[in-house]
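Notes to accompany the following structure.
Chain A is the first sequence line, chain B the second, and so forth, proteins listed ahead of strands; every chain is numbered from 1. Side-chain atoms are counted along with the backbone in the values below, which use heavy atoms only and exclude waters and symmetry mates.
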Amino acid sequence: MSVVTRFAPSPTGFLHIGSARTALFNWLFARHHGGKFLLRIEDTDRERSTQEAIDAIIDSMNWLQLDHDKEIYLQSQFADRHVEVANELLAKGQAYKCYCTPQELDTMRAKATEEKRSPRYDGRCRNREESDLPFAVRFKAPIEGSTTIADLVQGDVTVHNDQLDDMVLLRNDSTPTYMLSVVVDDHDMGITHIIRGDDHLTNAFRQHHLYKAMGWDVPQFAHIPLIHGPDGAKLSKRHGALGAEAYRDMGILPEATCNYLLRLGWGHGDDEIISRQQAKEWFDVSGIGKSPARFDLVKLMNLNSHYLRETADADLVQRIEPWLNEKGFTLEGNKDILTRGMPGLKLRAKNLIELADNALFYLRSLPLPMDEKAQETLTPENLATVAKFVSALENQTTWTESALEEFARGFAETNDVKLGKLASPLRALLTGSTVSPSVFDIMSVLGKEATLERLRTTY
RNA sequence: GUCCCCAUCGUCUAGCCCGGCCUAGGACACCACCCUUUCAAGGUGAAGACACGGGUUCGAAUCCCGUUGGGGACGCCA
């Protein structure tokens, strides 16, 4: 049997980072087994679902390069089918009409809580007479016995059926609820493996009986632990846990994000850096741990600097474009110099924002904005050394990093100055800063003419 | 409150299923040193954990029970 997984987000906001991981796992599982990965937007809550959220989710999926098979399904498209199933269940006596009002349910739950009982629905409408009142349709769940789910991550989990209440299938306006829709859609779409957050674990028991009532095969479940914030509580905005696109906006690469998310709760021996290809080969739900993991932005950043160094120079130049634009610069006519400067630049950045910022000095016109510390290195004494160095440099023909370094070392020795004493004012004049790639790297990237121009500019 | 799940360095984890190879390994972060024109990167090293209590066993991080701590679910939300 071929594997079919799905990612089924509800479009009520951005793609939460935890959901992104769920999507990644489903994608990886399908790709590992050569199966299908479907995307279904669970928009049965028409009130809260927005097109904006749908777009944001699709954007993030694209960014993470989690490509889905077939078209994007909208759950609302299948509402008629869901109602049909509910009616079939009603006809078979496996569901019943519930006339309870919201107030009545509130009272019931309040009383149960007060008496320290579970606030779940007590099934009071199971035997109520037919009436003309508006009604919801509830599933008639078994009361006796127990249910066991052989979860691929959690193992065998058993719950007594008296813990399961009668879930609502159809609201009193005849619209289907999520509980009904997921089961029907997952069945109709031939989903074989449901990988989702373990906040759905208890739902799985009730859904199990719904499958059974319809005589359908129950898919395999894999309930993965949720991601927690640094304090161990459920990850929330407070922790800086935003949508996947927020990480993109922090200048984090999708490769780093996927690698980080993959390693969060899943491991393959001591391996830390795992390429997408490798991940596809290695991924298995049995490797997923059962305990929740805390989200650590510092580690993500570390991974990001690694992937930054691995990325091709020309590619990085393209990727920093948005941040360059933000600062008022364009790629036009600058691609070449940035690409040449990239090896020295990318070694020193944790993210694309830093990378873009650090690259700016290559693009600025003279005189450069000079920061305070850089200004301090421009003492009369240092400037005299620089002037002497510049005249000597005019005769330098081999304009490569190593040749320039050799030249500078020779110059320092014959003039009895320390290399550092020479390098710091050079750095200031070349970049306007005291922190940068190697000055000789910069000189070679800039070329002779531009280098001399910068070194002759006065501040 | 009821039910379910979890528990190895600060964090992510390896080891656990199939007890001995574990004086518990790796990574991030932290500290020190080396390299060095700055900053990084890189290298070397230090520090740092089997939640607790009982069993079982010749032997337990690994198996069992309990305690404690954490998490999740209990919507006409998804």
Protein-nucleic acid N or O pairs under 3.5 Å, nucleotides 17-25 of chain B:
| residue | atom | partner | partner atom | Å |
| --- | --- | --- | --- | --- |
| rG25(B) | N2 | Asp270(A) | OD1 | 2.7 |

Distance-only donor-acceptor hits, side chain of residues 297-304 of chain A, under 3.5 Å, sequence neighbours excluded:
| residue | atom | partner | partner atom | Å |
| --- | --- | --- | --- | --- |
| Asn304(A) | OD1 | Leu253(A) | N | 2.8 |
| Asn304(A) | ND2 | Gly251(A) | O | 3.3 |
| Asn304(A) | ND2 | Lys350(A) | O | 2.7 |

Residues in ring pair (Phe, Tyr, Trp, His ring centres under 6.0 Å) contact with [X], at least two apart in sequence or another chain:
X: Phe139(A); value: none
X: His223(A); value: Phe221(A)
X: His268(A); value: Trp282(A)

Exercise. Mind listing the residues from residues 283-290 of chain A sitting with a heavy atom below 4.0 Å of RNA chain B? Number order is fine.
Key: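 Output list: Lys290(A).
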Self-check item: Residue-level proximity of residues 122-146 of chain A to RNA chain B when a heavy atom falls under 4.0 Å
Solution: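 Those residues are Ala136(A), Arg138(A).
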Quiz prompt | Which residues share a side-chain hydrogen bond (donor to acceptor under 3.5 Å, both in side chains) with Arg263(A), sequence neighbours left out | solution =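 Result, side-chain hydrogen bond (donor to acceptor under 3.5 Å, both in side chains) vs Arg263(A): Glu272(A).
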Practice problem: May I ask you to verify if any side-chain N or O of Arg309(A) is less than 4.0 angstrom from the OP1 or OP2 atom of rG42(B)? | Solution: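 So the side chain of Arg309(A) is within the cut-off, an N or O lying under 4.0 Å from OP1 or OP2 of rG42(B).
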List for me each residue that meets side chain to side chain contact (heavy atoms under 4.5 Å, CB included) alongside [X], sequence neighbours excluded, and say none if there are none.
X: Leu360(A); result: Leu324(A), Lys327(A), Phe329(A), Asp357(A), Arg364(A)
X: Asp199(A); result: Leu226(A)
X: Thr379(A); result: Glu381(A), Asn382(A)

Quiz item: Just how far, in rounded Å, is P of rC28(B) from CE of Met301(A)?
Solution: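 Taking atom P of rC28(B) as the reference, CE of Met301(A) is at 16 Å.
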Quiz item: Just checking, any donor-acceptor pair under 3.5 angstrom between side chains of Asp55(A) and Gln51(A)?
Solution: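 Short answer, yes.
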Would you mind writing out the side-chain donor-acceptor pairs for residues 412-419 of chain A within the sub-3.5 Å range, not counting sequence neighbours?
| residue | atom | partner | partner atom | Å |
| --- | --- | --- | --- | --- |
| Thr414(A) | OG1 | Gly410(A) | O | 3.1 |
| Thr414(A) | OG1 | Phe411(A) | O | 3.1 |
| Asn415(A) | OD1 | Lys388(A) | NZ | 2.8 |
| Asn415(A) | ND2 | Phe411(A) | O | 2.8 |

Practice problem: Output the single nucleotide from rA29(B), rC12(B), rC4(B) whose closest atom is nearest the side chain of Leu201(A). | Solution: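 So the side chain of Leu201(A) is nearest to rC4(B).
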